[in-house]
Amino acid sequence: MEVRTRFAPSPTGFMHLGGVRTALYAFLYARKNGGKFILRIEDTDQERYVEGATEVIYDTLKACGMQWDEGPDVGGDYGPYIQSERKDIYLPYAEELIRKGKAYYCFCTKEELDERRRAAESRGETFKYDKHCLYLSADEVRKRLDAGMPYVIRQNAPTEGESSYHDMVFGDISMPNDTLDDMVLIKQDGMPTYNFANVIDDHLMGITHVIRGMEYLSSTPKYDLLYEAFGWDIPKYIHLPTVMRDASHKLSKRDGDAYYSDFISKGYLTEALINYLALVGWNPGDDREFFTMDELIEAFDVKGINKAPGIFDVNKLTWFNAHYIRELPFEKYLGMVTPWFDSVFDGMENKPDYRRLAELMQGRTEVFGLVPGMVSFLRYMPEYGDDLYFNKKMKTSPETAGPTLEMVRPVLEGIDDWKEDVIHDRVMEKIAESGMKNGAVLWPLRIAISGLANTPGGAFEIAYLLGKEETLRRLDAAVARLKKA
RNA sequence: GCCUCCAUUGUCUAGUGGCCUAGGACACCGCCCUCUCAAGGCGGAAACAUGGGUUCGAAUCCCAUUGGAGGUGCCA
């Protein structure tokens, strides 16, 4: 039988990284098994409707390289793929359940239920609907229905015995039936709840493997009861461990910065995000770290999925990101880094040589968002202290720096062809002539023109990028300052 | 509270009774390279939550405790 998995997000307007990982595993499982990956939009909560939210889902999945085989925009044989457009499908099924005694009309109002819930909670008990409306006579139900009284339809769950099911990650799970609450299937507004629509749609769409977060672990027995009542095949379950922000907090929307788009705008690469996310909660069974999407498909196996929640580690993500940036073809990197350069150099008369700067920056870029901070010294001379001239190994100090700089200055001034190799050769000649160590000259020179302990590239590169005029200007300023001190 | 699930270094993980004096990766520290930083190379510190069993033998199996997560919505 063909494997069919689905990703069924609710359109909130953002794609959460936990959601991206869930989608990824569902996608990988389908591809690995030569099956179909289906996208279904779960928008049964009308109050949460967000304009443009489905586009965010489409765009993110596409950017990540997870093309769905069936879905709202691409169609398929089991549409529509947006639950609000399937509204009329669900009620007949709920009525069938009522006929079978597996569900019932409930006229209790939300307000009184809320009150009872609060009361139960204050007593330290778990609130459970008492099946009050199940015991209404058929006549009474008819009467209320005819009178147009608002109602919901509830599942009639057993109260005795035990329910169990098998999960491909967590194994066998069982729970006492008396903990099963009679969940609402059809809401007062006529829309199905997630709990109901999910079961109906998964069945109607031929989903063979339900891959979702482990927050559904304890409600799954209730879903199985529904499948059984209809006489439908129960899908295989693959529940995924949660992605955590830290040991005790889920990576949630409320924490901020947990959205795919946040990471992209900070300058993370999709490839890095996918590669990293795949490895939170799953391992390939060997020591490999780097995977393309195709390699992930090839290596993916449910056996490698862990049960324990995993903490999202930005450090490691950043390491992956730096790796992928280094691997970028240079032209691609140049194109990507240019807007970040522009954010610093726009409006500048003599902008640094972007191409050269990019060459120096590519191996040093962990996240694109950090680039401006690393190159802004080329436009604005930073404030710095003279102690930067101290370098133990080179035996340099503010005292030795002055004369050294004055020695180099005329050499630089004499260069008409301001190219990196020319600067290099002339200065090195002078150093050789002076008998000093390379570093003893280059260290103070770099400090004088950059004002920074660390720079992308050394003295020659910085001097070249700055241009002759600015280099000499900064050099003079440094000399003057050292003399004063 | 009740129900379900989980538990190897700071983090992601390998490990399915002897191959474990517990392996890899990130981060961290040191050294090398080097005009700085980064990259790269080499090395270091760092874990089987606790207590009971079972067994000739336990990170691996069982139980309890502790800790954590999830559920307990007319949200999904």
Side-chain angles (χ1 to χ4, degrees), chain A residues 8-10 12 42-45 47-48 106 108-110 113-114 117 120-121 123-128 150-154 167 170-171 173-176 178-181 183-189 191-195 197-198 212-221 239 241-242 244 246-250 276 279-283 285-289 304 306-320 322 326 360-366 374 388 391 393-394 396 431 437-447 450 452-462:
Chain A
S10 68
T12 59
E42 309 227 331
D43 59 345
T44 55
D45 187 358
E47 289 173 21
R48 279 217 222 167
C106 175
C108 296
T109 68
K110 205 172 178 176
L113 254 22
D114 283 347
R117 199 186 318 277
E121 273 165 15
R123 272 178 277 128
E125 293 167 9
T126 302
F127 173 77
K128 204 184 145 201
Y151 67 88
V152 301
I153 295 177
R154 281 182 187 275
D167 180 90
F170 289 90
I173 291 169
S174 54
M175 36 198 328
D178 64 4
T179 62
L180 267 28
D181 195 18
M183 62 183 185
V184 171
L185 269 21
I186 300 288
K187 305 184 226 184
Q188 205 177 92
D189 64 3
M191 279 293 221
T193 56
Y194 161 85
N195 299 122
N198 197 281
R212 55 159 67 130
M214 59 171 278
E215 59 267 29
Y216 300 104
L217 222 38
S218 49
S219 40
T220 298
H239 285 98
T242 316
M244 309 285 286
D246 59 44
S248 57
H249 299 275
K250 193 175 168 177
Y276 173 66
L279 262 14
V280 180
W282 172 78
N283 78 82
D286 55 37
D287 286 341
R288 276 184 295 169
E289 296 274 1
N306 286 290
K307 297 178 193 166
I311 297 174
F312 184 86
D313 182 6
V314 184
N315 267 330
K316 186 134 190 186
L317 201 216
T318 302
W319 176 73
F320 272 109
R326 259 181 266 124
L360 293 165
M361 287 296 293
Q362 183 165 10
R364 295 171 167 86
T365 307
E366 292 192 300
M374 294 169 76
L388 276 187
N391 183 305
K393 217 170 127 191
M394 299 307 158
T396 62
I431 293 174
K437 281 204 274 188
N438 295 345
V441 176
L442 296 173
W443 174 272
L445 174 56
R446 195 181 57 82
I447 296 300
S450 73
L452 253 28
N454 307 326
T455 50
F460 302 125
E461 289 88 347
I462 305 303

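Proteins come first, then strands; the chains are lettered A, B, ... in the order of their sequence lines, and each starts at number 1. What you see is a predicted model; the values in this text were computed from it and never measured.
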* To do: May I have the distance from A:Met374 (atom CE) to B:U36 (atom P), rounded to whole angstrom?
  => 16 Å
* To do: For B:G71 and B:C48, measure between their P atoms and round to the nearest Å.
  => 31 Å
* Atom P, compared across B:C12 and B:A47: separation rounded to whole Å -> 16 Å
* Structure fact -> Here the gap from A:Leu279 atom CG to A:Asp313 atom CG, rounded to the nearest 0.5 Å, amounts to 12.0 Å
* Asked: Just checking A:Gly458: base, sugar-phosphate only, or nothing, at a heavy-atom cut-off of under 4.0 Å?
  -> base
* Asked: So which one's nearest nucleotide on RNA chain B is more toward 5', A:Thr455 or A:Lys307?
  -> A:Lys307
* Contact class for A:Thr318 vs. all strands (heavy atom < 4.0 Å): base, sugar-phosphate, or nothing? -> nothing
* Asked: Any salt bridge between A:Lys187 and A:Asp189, counting N to O under 4.0 Å?
  -> no
* On a whole-Å scale, what distance lies between the P atoms belonging to B:C3 and B:U60? -> 26 Å
* **Nucleotide-resolved protein contact map, nucleotides 71-76 of chain B, B/S/- at heavy-atom distance under 4.0 Å** => SBSBBB
* Complementary nucleotide of B:G40, counting Watson-Crick and G-U pairs under 3.5 Å -> B:C32
* Under 4.0 angstrom, heavy atoms only, what part of the nucleic acid is A:Pro221 near: base, sugar-phosphate, or nothing? -> nothing
* Quote, to the nearest angstrom, the P distance that separates B:G15 from B:A7. => 13 Å
* To do: Could you give the distance separating B:U21 and B:A27 at their C1' atoms, to the nearest angstrom?
  => 26 Å
* Asked: Can you check the A:Asn315 CG to B:C26 C1' distance for me, whole Å?
  -> 7 Å
* Asked: Rounding to the closest angstrom, what is the interatomic distance between B:C37 and B:C28 at atom P?
  -> 15 Å
* Asked: Under 30°, 30 to 60°, or over 60°: which ring-plane class applies to A:Phe320 and A:Tyr276, parallel, tilted or perpendicular?
  -> tilted
* What is the distance from CZ of A:Arg446 to P of B:A38, rounded to the nearest Å? -> 12 Å
* Mark yes or no for a side-chain to base donor-acceptor pair under 3.5 Å between A:Lys393 and B:U34, with no hydrogen or angle criteria applied. => yes
* Nearest listed nucleotide, side chain of A:Ile173, among B:A38, B:G40, B:U4 -> B:U4
* Structure fact -> Using Watson-Crick geometry (N1-N3 plus N6-O4 or O6-N4) or G-U wobble (N1-O2, O6-N3), each under 3.5 Å, B:A27 is paired with none
* **Rounded C1' spacing from B:A58 to B:G51 in Å** => 15 Å
* Side chains of A:Arg212 and A:Asn198: closer than 4.5 Å at any heavy-atom pair? -> yes
* P atoms of B:U55 and B:A14, separation to the nearest Å -> 30 Å
* Asked: At under 4.0 Å between heavy atoms, what does A:Glu461 touch on the DNA or RNA strands: base, sugar-phosphate, or nothing?
  -> base
* Should A:Trp319 be listed as having a side-chain N or O under 4.0 Å from OP1 or OP2 of B:C26? -> yes
All N/O pairs under 3.5 Å across the protein-nucleotides 12-16 of chain B interface:
| unit_1 | atom_1 | unit_2 | atom_2 | d |
| --- | --- | --- | --- | --- |
| B:C12 | OP1 | A:Ile311 | N | 3.0 |
| B:C12 | O2' | A:Leu279 | O | 2.9 |
| B:U13 | OP1 | A:Gly281 | N | 2.5 |
| B:U13 | O3' | A:Asn283 | ND2 | 3.1 |
| B:A14 | OP1 | A:Asn283 | ND2 | 2.2 |
| B:A14 | OP2 | A:Asn306 | OD1 | 3.4 |

